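Keep in mind the model is a prediction, meaning the values are calculated, not measured. By convention here, the first residue in the shown sequence is residue 1.
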Amino acid sequence: MKKLLSGNEALALGAYHAGLKLAAAYPGTPSTEIMENLAKLPDIHTQWSSNEAVAVEVATGACYTGVRALAAMKHVGLNVAADAFMAVATTGVKGGLVIVVADDPGIHSSQNEQDTRHYARLSKMPVLEPSNSQEAYDFMALAFELSESFDTPVILRSTTRVSHSSSLVETSAEKQPAAQAAFKHDTAKLVMVPTAARVRWPKVLKREDLIGEYAENCFFNKYIPGNAKLGIISSGIAFQYAKEVFPEASFLKLGMTYPLPKNLIKEFSQSVETILVVEELDSVLEDSLCRMGISVIGKKYIPRSGELNPDILRESAIKAGILPEIKDTLPKINTPDFPKRPPLLCAGCPHTGIFFTLSTLGQRSALPGKPKREPKLVLSGDIGCYTLGAYPPLSAMDTCGCMGGSISQAVGMEKAGLTEPVIAIIGDSTFMHSGINGLINAVYNQSKITILILDNRTTAMTGHQGNPGCGIAASGQTVTEVNLEELIKGTGVKNLQVLPAFDLKALRAGLKNAISSGELNVIIVRGECNVICRKRSLPNTIDTSLCNRCDACLLLGCPAIQRDGDKLLIDPSLCTGNNCNLCSQVCPQKAIKTNEAA
């Protein structure tokens, strides 16, 4: 049966057909759709875990009972999961365990660009890299078989283009039956106290050697004969680009990029005159070949950062002298200069009000013709759609590093002796992910910071997945909701406020009280994400006879408020009206009129 599937859809269906019993994940682009598609399928347990470490631990526990399990995340999520990841690398598995990690070359939606293959050398786990949707589907079943045959978890590395590109996939007509859970007591294997770990680790190293021998003749690695002058070693999506640019070359396509088939590589290197290594991100393959004493061309000419494409690869080959320089004989097409749209929060976003309040209270915003002053507040930010509050005109964020880091960074600033008030800003889903420990640390160490938890009742940045604070499971079912207020009070926080996201007076008063108290304060700013809000209102309008173009409303950064020559207007297709009304609250001329609910 043929189906048109994205890479993520193919990974999900491949796992299901391979007899998957349990899948756990934390949403993160470009991996999110794997779990969203698994959640639609019957007879498996799927869950959005509170973070990636929990996802790996849940999947590990499942595989210890002999069933096949999967954990999925994006590349930075593997950093969060590293401890659990290394633990199961040491113990090995009972049932098959596949850890899908989607890298983000080009940093389309991440805070950094990193190469998951480095974790393979650290953990001694095999890595499989599909180059299209068909391989994404096929490799999943093979990954589970590899896992069970060699007593190891398996990393399946995807990238943005593999995850999000679609192609035809020949799928199986039958689903492999899932194993039944049964736990066999085996403390020497599963309880890694030092005496057991010292025995276990040499077995892990031996396992690495055995998988390397398997790689010499496995299905994953293919020799594609061609011109003997140029040989290309590649993997993943980079293989597709290389095949397009060098259709006549000989290829060694590596579906398993760790451990490498050393004998196969040496044989291939002896059959061609020049070897070009084409890989996305770091020189992982190239460095391994150099350690084997094989002379190659690679990252000296091919970029180490950003996504590759045929044009970039062609230019790199010309610089390396592999391809001749071709004069451009095609006429250049004049493309229109489209207006640039800066990154902004959505119209009607519940985060706009608090960022506007922080911006004005902290002297970060100024009306046209008036100078900006030195900010009064230091704002420690976090990962989420609210990170867009860092951009003008709001400009209300000073740091942003990793999930959950805002609170702990704020504590560090305050304990370092900073005299300005320090405010940590974190979303509800991010707080549940990894902010709780930072809050406990702040309570324990008697910090005097203010913590803002922006509760929009969803995990918005990655597509509105559920989280423990809104009580929506991966399958869409309503489940037990973790009460945010009770959780915070349970840590020992004495000063807690819950403020409405669209009331500027309440936000300003609450924030000023918290800052002036000289104690640890937590403020929950609560308002439903406009994208999922069911209740709609008629849009606001601007009375041009009253508007004097003071431009105070533009300081909100709302994309619905737009310039039209020397006038301002509100785009009715974007404005959420009475759901928000922040613009009418900031207009000193009362020129912005609200309308009745639709």
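Shortest non-hydrogen contact noted between Ser133 and Ser165 is OG-O, 3.4 Å. When all heavy atoms of Glu280 and Tyr241 are compared, the closest pair comes out as OE2-CE1, 4.1 Å. Between Ala136 and Leu11, the shortest heavy-atom contact is O-CD2, 3.5 Å. Across all non-hydrogen atoms, the minimal contact from Leu38 to Ala23 is CD1-CB, 3.6 Å. Here the closest heavy-atom approach between residue Val93 and residue Pro153 is recorded as CG1-N, 3.8 Å. Across all their heavy atoms, Ala424 and Ala410 have their closest contact at CB-CB, 3.9 Å.
If you check the side chains of Asn51 and Ser434, you find no donor sitting under 3.5 Å from an acceptor. Side-chain atoms of Asn8 and Ser163 include a donor-acceptor pair closer than 3.5 Å. Side-chain contact of His17 with Glu174: a donor-acceptor pair under 3.5 Å is absent, judged by distance alone. For the residue pair Ser167 / Asn132, no side-chain donor-acceptor distance below 3.5 Å is found, with atom types taken as modelled. No hydrogens or angles considered: a donor-acceptor pair under 3.5 Å links the side chains of Asn79 and Gln114. For the 3.5 Å distance criterion, the side chains of Glu145 and Ser149 fail to qualify, holding no donor opposite an acceptor. Glu267 and Asn263 share no donor-acceptor pair across their side chains, judged by distance under 3.5 Å alone. In this model, a donor atom of one side chain and an acceptor atom of the other lie less than 3.5 Å apart for Ser49 and Gln47. Between the side chains of His118 and Asp282, at least one donor-acceptor pair of N or O atoms lies under 3.5 Å.
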Check against side-chain contact (heavy atoms from CB on, under 4.5 Å), Lys229 and Val272:
CA-CA 6 Å; Lys229 288 187 176 181; Val272 294; over 6 Å; no
I would like to know whether Lys203 and Glu208 meet salt bridge (Lys or Arg N to Asp or Glu O under 4.0 Å); could you show each step before the answer?
CA-CA 9 Å; Lys203 294 180 180 179; Glu208 182 184 29; over 6 Å; no
Would Glu273 and Leu230 count as a side-chain contact (heavy atoms from CB on, under 4.5 Å) if you check the C-alpha gap in whole Å, the side-chain angles of each, and the deciding distance to 0.1 Å?
CA-CA 6 Å; Glu273 294 179 15; Leu230 177 63; over 6 Å; no
Derivation of the side-chain contact (heavy atoms from CB on, under 4.5 Å) call for Asn112 and Ile107:
CA-CA 6 Å; Asn112 68 31; Ile107 317 180; 5.5 Å; no
Would you sort out whether Tyr386 and Met461 count as a side-chain contact (heavy atoms from CB on, under 4.5 Å), showing the intermediate values?
CA-CA 8 Å; Tyr386 50 89; Met461 189 67 164; over 6 Å; no
Determine, step by step, whether Phe251 and Phe239 satisfy the ring pair (Phe, Tyr, Trp, His ring centres under 6.0 Å) criterion, reporting the C-alpha distance in whole Å, the side-chain angles of both residues, the deciding distance to 0.1 Å, and the verdict.
CA-CA 9 Å; Phe251 278 84; Phe239 165 77; 5.6 Å; yes
Please lay out, stage by stage, how Tyr26 and Ser429 fare under the test side chain to side chain donor-acceptor pair (under 3.5 Å).
CA-CA 10 Å; Tyr26 185 83; Ser429 182; 2.9 Å; yes
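The distance from the CZ atom of Phe268 to the CD1 atom of Ile275 is 6.5 Å, given to the nearest 0.5 Å. Expressed to the nearest 0.5 Å, how far CG of Leu264 lies from SG of Cys218 amounts to 9.0 Å. The structure places OG of Ser305 at 12.0 Å from CG of Asp115, a figure rounded to the nearest 0.5 Å. How far CD1 of Ile302 is from CG of Leu276: 4.5 Å, rounded to the nearest 0.5 Å. Residue Leu260 holds its CG atom at 9.0 Å from CD1 of Ile233, rounded to the nearest 0.5 Å.
With hydrogens and angles disregarded, a donor-acceptor distance shorter than 3.5 Å links the side chain of Asp104 to the backbone of Ser109. Looking at Ser380, its side chain does come within 3.5 Å of a backbone N or O of Ser406 through a donor-acceptor pair. Using a distance-only test at 3.5 Å, with no hydrogens or angles considered, no donor-acceptor pair links the side chain of Tyr301 to the main chain of Ile318. Panel note: side chain His351, backbone Leu388; no donor-acceptor pair is recorded below 3.5 Å. Glu9 contributes a side-chain N or O that, together with a main-chain N or O of Ser6, makes up a donor-acceptor pair within less than 3.5 Å. In this structure a side-chain-to-backbone donor-acceptor pair under 3.5 Å is present from Ser123 to Tyr119. Judged by distance alone, the side chain of Glu113 and the main-chain N or O of Gly306 form a donor-acceptor pair under 3.5 Å. For Ser250 (side chain) and Gly226 (main-chain N/O), a donor-acceptor pair under 3.5 Å exists by modelled atom type. Asp382 contributes a side-chain N or O that, together with a main-chain N or O of Gly405, makes up a donor-acceptor pair within less than 3.5 Å. Here the side chain of Thr32 pairs a donor or acceptor atom with the backbone of Gly28 at under 3.5 angstrom.
With respect to Leu285, the side-chain contact (heavy atoms from CB on, under 4.5 Å) criterion is satisfied by exactly one of Thr257, Leu252, Ile265: Thr257. Exactly one residue among Arg117, Arg157, Lys299 makes a salt bridge (Lys or Arg N to Asp or Glu O under 4.0 Å) with Glu279. That residue is Arg117. For the side chain to side chain donor-acceptor pair (under 3.5 Å) with Lys74, the lone residue among Ser158, Ser110, Ser31 that qualifies is Ser110.
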Expected list for residues 52-64: side-chain donor-acceptor pairs under 3.5 angstrom, two or more places apart:
residue	atom	partner	partner atom	Å
Glu52	OE1	His433	NE2	2.6
Thr60	OG1	Val56	O	2.7
Tyr64	OH	Thr91	OG1	2.7

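In this structure, Lys319 does not pair ionically with Glu325, as no charged nitrogen and carboxylate oxygen lie closer than 4.0 Å.
Pairs of residues two or more places apart, or lying in two chains, never qualify as ring-ring contact (aromatic ring centres under 6.0 Å, His included) while including a residue from residues 87-106.
Enclosure of atom CD in Glu170 by more than 12 non-hydrogen atoms of other residues, nucleotides or ligands within 6.0 angstrom is indicated. By the 6.0 Å contact criterion, CZ on Phe150 is enclosed, its count of non-hydrogen atoms from other residues, nucleotides or ligands being greater than 12. Counting non-hydrogen atoms of neighbouring residues, nucleotides and ligands closer than 6.0 angstrom, the NZ atom of Lys175 exceeds 12 such neighbours.
Remark: Arg314 engages Asp311 in a salt bridge (charged side-chain N to carboxylate O under 4.0 Å, His left out) (not counting sequence neighbours). Scored by the salt bridge (charged side-chain N to carboxylate O under 4.0 Å, His left out) test, Glu148 finds Arg68 as partners (sequence neighbours excluded). Residues that satisfy the salt bridge (charged side-chain N to carboxylate O under 4.0 Å, His left out) test with Arg200, not counting sequence neighbours, are Asp151. Residues passing the side chain to side chain donor-acceptor pair (under 3.5 Å) test with Asn37, sequence neighbours excluded: none.
Using a 4.5 Å heavy-atom cutoff, the side chains of Ile44 and Leu22 are not in contact.
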